[in-house]
Each structure stands twice: as structure tokens, then as C-alpha cells.
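Written below as C-alpha cells is the structure these notes are about.
So you know, we letter chains A, B, ... as the sequences are listed, proteins then strands, and number each from 1. The figures that follow rest on heavy atoms only: side chains count, while hydrogens, waters and symmetry mates do not. Here the structure is a predicted model, which is why all the values come from computation and not from measurement.
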Amino acid sequence: MTESLQAAPGPYFGDFGGTFVPEALMAALDELSDAYDKARIDPEFTRELDRLARDYTGRPSIVTEVPRFAAHAGGARVILKREDLNHTGSHKINNVLGQALLTKRIGKTRVIAETGAGQHGVASATAAALMGLECTVYMGEEDTRRQALNVARMRLLGAEVIPVTTGSRTLKDAINEAYRDWVANVETTNYLFGTAAGPHPFPAMVRDFQRVIGVEARAQLLELGGLPDAVVACVGGGSNAIGVFDAFLDDASVRLIGCEAAGHGVETGEHAATLTAGRPGVLHGSRSYILQDQDGQTIESTSISAGLDYPGVGPEHAFLHSIGRAEYRPITDAQAMDAFRLLCRTEGILPAIESAHALAGALDLGRELGPDATILVNLSGRGDKDVETAARWFDLLEEDA
Amino acid sequence: MSLVTARLDEAAAAGRAALIGYLPVGYPDVETSARAMVAMVEEGCDLIEVGMPYSDPVLDGPTIQQAAEAALRGGVRVSDVFTAVRAVADAGAPAVVMSYYNPMLQYGLERFAADLAAAGGAGVILPDLTPEVAGDWLAAAKAHGLDSIFLTALSSTPERLHITAAASSGFVYAASIMGTTGGTPVSDAAERLVADTRAAGAARVCVGLGITTGEQARKVGAYADGVIVGSAFVRQLLDHEGEAGIEALRAKTRELASGVRSAR
């Protein structure tokens, strides 16, 4: 019997993962790791998390078949897992509720978070408000402009939002700044890491908090007639993708496809397609693929989607890529925006631009697989936050409006 | 005995702590940064930390970030580190490289160790690497006779102090504050950390972070084997252009050197 790939405990996933951090953070990471190992098997913790998922997030999220959209995908059957319908509008809430509960268990009173599109920041601010924790969110200055609405949402929820003006002023620099805060305030503060990357225990822990997506979707698809031929998700750091993939890892017949942001095109060098065009290295606490120059300096990524605009990727994706269990494809800004508009117009669903990368991947895949195929797409978030970006892209705004 | 320990012991024999000065290579340019390091040796630095600028320096505060970002924009390469190391070694001081892990990893750990040793370098300080994941580097360093200097922090558990003391050679770098370079001033807790790190088996413990004045250097020099200063030196180069920067750096070095010399 082959060994199961599901719910791998870390710290290593093949050659990837690990704990590459300053000594100052080691005690906190050890503490967090121990606390999580106890919590995950503590019925009281899992019961509370399940209760929040049901009564606060609104789980299980539904699945929606989208035939009018699928007509453009070679006639394949396309089914969306609706994480966009979660409270706060994306899959990010699944993770932060788990980490915020854990924060209370270890007796810390303050949380910090990094955010790109603002979805994780909003989710963190939400969980902090719910549980009475102080919350500071670091966001690249460039992203605070792209996602001004989410900045206001976080502040309404009582969080402090700090625009980060160092480096490329995007997600990677927000992570750097959050690390600096954590080193200085580790006694009172827990870091709610937003994606399945970073040092152990984050990649495994965030995956565990997100795996509910795939567990639900697999059961829902079986009820609808059987396992899908492929599961498609967008990959920045990769938490929604690993969340939907995990339950399918041992289903050999199910292809797992991650869609990376190809920005202006991988060939232009202006993209965020880490697994497509990067190579292994160490960034933000773990060994994975990185967009980097010859000297190991991180290269700034480019994507219309702030949530995918990250030059790294979670180590479990690097592992699944290395063993060929998952495939990773680049999707350009233009492909993603076409799919974005198509879903709006054919199904009346406004997706996050991040998720639109997965939709674009599904369009290609459907044409490859043909009308007999069933494709599950993780619709990781809703697009309300992206209306302004999309309106500019499609030139929908009145002059002087 | 390594170049680093020999120099620390010389200072100890003279009844004082050593002064260890940090500058990033490539700011304002490679040639000037190397000359600036030599100037620090001439004015009383016992050892030099040659910093490799990195795109994601999570332990550095705004001062060093600013200089490192400028150096990267100027095109500094990993190989430039060895130019500076050679200049420092020729000036008669042990040179240790301070580098985040990924630039070393991408250069090739074995190749990095070989080139550093060939340039006359004495060792490496590893701010974002802990002994548990440093096996490949430790093997390369050992093969080339280089010291590997790990950090202890105020948050380190007794068990971790032992792991770090056992894995370090040259000295152990005790980070005096929980924070980044050039931030909060050194705290009294540093003295306890030095004592705890020694009790965990470290023969030599130097203190860095938060030391910017001769007075602070005097206080820390009373109990540490070495006093490490970075941002205060970098600040001189940021605030003064060209030769005026080197002159300001010389004056700052004299201030700190006299601090460690009046400590005991």
C-alpha cells in the first residue's frame, strides 16, 4: 500500500519546509507547535472550531454547478466550491479562526498579520474582534492603494493597519515587517500567518485549518455523482489550493492543478509564477521555490491580483510539484480578467481576481479534457474588493466619476 | 585557535572587551565600503563584520535596511564580500561575514566557504539560521577552518542556549534586545543573557544590537568579551557623503573604541 500524502505533519515535505528563522523566534515557534499538537487532538478545541465554522463562517460552503460558464470550457462539467460565500468573503476565515483560538490557548493577547489583497487582514481583524484580541495588520503601501476598501474594513473592525514602505511595498515586505514586529513583541503577540508557507508549524497548521474545503467538496462531489477529474485552485502562497487538494491527494485519478499568477506573461519576467519560473531556496522561514536572482536576492513579483503577488510559495506545493502529484500552470492577468468577466456575465457570480486565475485554468483544462470531464474549481473569494481594479481594466468608469 | 578567538583573547589579555564593527559591503559602493572598514580597523575596531546586503533582512531596522537597499540598487554581488574581506584581512583584523542564509545558499555553501577562506576571512555570523538546520554549512565551514557564529536571544530557552553554545565557534552573538538592529537601546537583560550563555558552555560571548554610544560600549564591555556595533557606524555613512562619511566613521569608531577601553 502506498503511503498517504494527506495531512502530512511537517516540518519537512520531501526536501521542502523546515524552520529557518532567527533564534529570537525559535521559542515562540516551539511553543506554538506544541500548543497546536495538543489542540488538534483536543476535542474541546476541535468542537469550538467546528462550532465557529458552522455558526460564524457559515460552513459547509455550498457547491454550485455553472453550466453557462462551462459552455466556454469545452463543455466539461464545472462545479465551484463557494468559499466566496464564507463570512468575510474568502477562505481566509477558516485559518484565522483556528489560529486566533490557538492564540487564546497560549495566553497571548495580541495578534499580527500580513496581508496582500486584504482578505487575510480582514479575516484576522474579524477574528480579533470576535475574540477580544488586539490586532495589527501589515500591508504593503502599494497594496493599501490597490485595496483601499479592505483597509477601511480592517480599521472599522478595530485593527491597526500599518502601510509598509520598505522594499517593493507589497506582500513580501509586509511579511518582513510582521516578522520584525513579532521578534520585538513575541511575549504578548502571536503571528497569524495567512498562507500555508513560512516556518513550521505554519505550512501544516494552515493546511489543516483549510483542509475542510476539500473534505466538504469531496463529499459533495461524491453525492453529485463521483470524484472530479480535476481540482483547480489559484496559488499564491497556496493556502486555498492546499486546502482543497489535501482530501484528494490519495485519489490517484484526480488531477490537481494549481494556477499561478503569470502577470504580464512568464516570458516578460513580470509575473508571480514561482513554481513555473523560480528555483529552490530559503525565504520567510522555509525552504521552497522562490523567484530570485543568481545571488539569492528575491525578485519582485508582478500580478494584477494582490493576493497572488508573492515571489514565494508554500513548501508542500513545492513538494507536490517535485513528485508530480500536482501540476502548476501560469495564468496571465489578461486570461484571469477574461475569466473574471465571463463568470460575472454567465453566472452572476463576481469572483475575486485571485480565484479568477483558477477559473481561467478551468477554461483551458475543460477544452483539453472535453465534455465528459468534471472539474472542481475552488472559488476562494468574492470580488467585491476588486470592483475598482476590474472597472479600470475593462474601462467601465465614467470620466471624472 | 581561530583568528577570531585569538583576537578576542588578545583584547582580554589587555583587560578589555573587543570592539566589533559592522558595515554592509557596497554602500555607497564596494570600494568605499572596503576603505571604510579599513578605516574602522585603523581607529580601533578589533574585528570587522562584513555585511552582505539582502532583499529581505528581517532582523535589520531602518538604518541598515536603507544602506543595504542602496547597495543592492547599486548592483552589489555576493562575490564583492570577498573583496572587502581581503581588504580587512590585509589591514590586520579578522573579518567575519554577516549574511542571511539564502545568498550563501545560492552561491553554494561549499564554494562560499572556500572563497571566504581564500580571501583571508575568519568566519560567518548567521542571523537567520539556527544550528538545527545549519548542518550543510557547518560541514563546509569546518572543512575550510572557518568559525560559525550563532545567536542567542533573550527568549532562548536553557536547552537552546546549550545547542547554540555547542554549535558556535569563535564566539556566541548575544542579541541584547528583542528587536531589530538600530532600534531599542541595549538593556540590562543583556548581562544576564551573557551569563546564561556562558553557563551553557560558550567560552566567548559578544553582545550586539542597541549599542550606539561610547557610554553604552563601556557598560557592555564591562561584562562581554566583545561589543558589536552596526547601525551607529552605518548612520555615519548615510549622513555624510564621500570622504566626510569616512571621517565621521573614524570619529565614531574612536568614541566606541575608547568606550570599550574604559570599561574595566
Side-chain angles (χ1 to χ4, degrees), chain A residues 11-12 17-31 34 164-169 171-189 198-200 278-288 290-300 311-312, chain B residues 52-62 65-66 68-69 71-72 75-81 99-108 112 126-134 150-161 163-164 172-175 177-181 183-184 209:
Chain A
Y12 285 94
T19 308
F20 295 83
V21 297
E23 170 64 22
L25 293 178
M26 287 298 288
L29 285 168
D30 285 345
E31 179 191 25
D34 286 349
V164 174
T165 57
T166 53
S168 59
R169 304 173 183 220
L171 180 56
K172 97 175 167 70
D173 307 285
I175 294 175
N176 292 340
E177 211 52 40
Y179 266 110
R180 293 182 186 115
D181 181 315
W182 203 22
V183 169
N185 300 295
V186 68
E187 234 170 89
T188 59
T189 299
H200 183 73
R279 56 175 211 282
V282 170
L283 174 68
H284 293 149
S286 61
R287 187 170 189 281
S288 185
I290 309 171
L291 296 178
Q292 56 184 325
D293 71 11
Q294 222 184 332
D295 275 5
Q297 308 289 353
T298 311
I299 294 173
E300 291 176 16
Chain B
M52 175 60 211
Y54 177 50
S55 53
D56 296 275
V58 295
L59 279 179
D60 286 310
Q65 281 181 48
Q66 191 188 336
E69 278 182 31
L72 288 170
V76 69
R77 301 294 309 268
V78 172
S79 52
D80 293 324
V81 161
S99 178
Y100 289 89
Y101 186 49
N102 200 46
M104 292 168 58
L105 187 64
Q106 299 304 324
Y107 191 83
F112 190 93
L126 303 148
D128 65 344
L129 202 67
T130 53
E132 292 95 326
V133 288
F150 294 98
L151 279 67
T152 56
L154 299 175
S155 60
S156 298
T157 58
E159 185 196 4
R160 297 205 50 78
L161 292 177
I163 292 171
T164 306
V172 172
Y173 186 134
I177 52 160
M178 291 299 284
T180 52
T181 55
T184 323
L209 297 190

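- Here A:E187 contributes atom CD and B:M178 contributes atom CE; the two are 8.0 Å apart, rounded to the nearest 0.5 Å.
- In this structure, the portion of B:P53 lying under 4.5 Å from any heavy atom of chain A is its backbone and not its side chain.
- For A:D30, the part lying under 4.5 angstrom from a heavy atom of chain B is the side chain only.
- Considering only heavy-atom pairs separated by less than 4.5 Å from chain A, the leading option among B:E159, B:M104, B:R160, B:E132 is B:R160.
- For A:E177 (side chain) and B:V58 (main-chain N/O), no donor-acceptor pair under 3.5 Å exists by modelled atom type.
- Across all non-hydrogen atoms, the minimal contact from B:S155 to A:A27 is O-CB, 3.3 Å.
- Considering OH of B:Y54 and CG of A:L283, their distance stands at 5.0 Å, rounded to 0.5 Å.
- When heavy atoms are compared at a cutoff of 4.5 Å, A:T19 approaches chain B solely by way of its backbone atoms N, CA, C and O.
- Contacts of B:P127 with chain A are made by backbone atoms alone, with heavy-atom separations under 4.5 Å and no side-chain atom involved.
- With a threshold of 4.5 angstrom between heavy atoms, B:Y101 approaches chain A through side-chain atoms but not through N, CA, C or O.
- Looking at B:L129, the atoms closer than 4.5 Å to chain A (heavy atoms on both sides) sit in the backbone and in the side chain alike.
- B:Q66 does not touch chain A: none of its heavy atoms, backbone or side chain, sits under 4.5 Å away.
- When heavy atoms are compared at a cutoff of 4.5 Å, B:L72 approaches chain A solely by way of its side chain, counted from C-beta outward.
- Looking at A:V186, the atoms closer than 4.5 Å to chain B (heavy atoms on both sides) all sit in the side chain, from C-beta outward.
- Only the side chain of B:T164 comes within less than 4.5 Å of a heavy atom in chain A; its backbone stays farther off.
- Distance check: B:L105 CG to A:Q292 CD gives 8.0 Å after rounding to the nearest 0.5 Å.
- Interface remark: B:M52 contributes side-chain atoms only to the contact with chain A (heavy atom separation under 4.5 Å).
- The two atoms that bring B:R77 and A:D295 nearest to each other are NE-OD2, 2.7 Å, heavy atoms only.
- Taking both residues in full, the closest heavy atoms of B:D56 and A:T298 are given as OD2-OG1, 2.7 Å, listed atom of the first, atom of the second, then distance.
- If you measure heavy-atom distances from B:T180 to chain A, the contacts under 4.5 Å come from the side chain alone.
- Annotation: maximal heavy-atom pairing with chain A below 4.5 Å, among B:I177, B:L154, B:D128, B:T184, occurs at B:D128.
- Only the side chain of A:I290 comes within contact range of chain B, judged by heavy atoms closer than 4.5 Å.
- Judged purely by atom type and a 3.5 angstrom limit, B:T130 has no side-chain atom pairing as donor or acceptor with the backbone of A:E23.
- Put simply, of A:V282, A:V21, A:I299, the one with the most heavy-atom pairs under 4.5 Å next to chain B is A:V282.
- Put simply, CG on B:N102 and CD on A:Q297 are 8.5 Å apart, with the number rounded to the nearest 0.5 Å.
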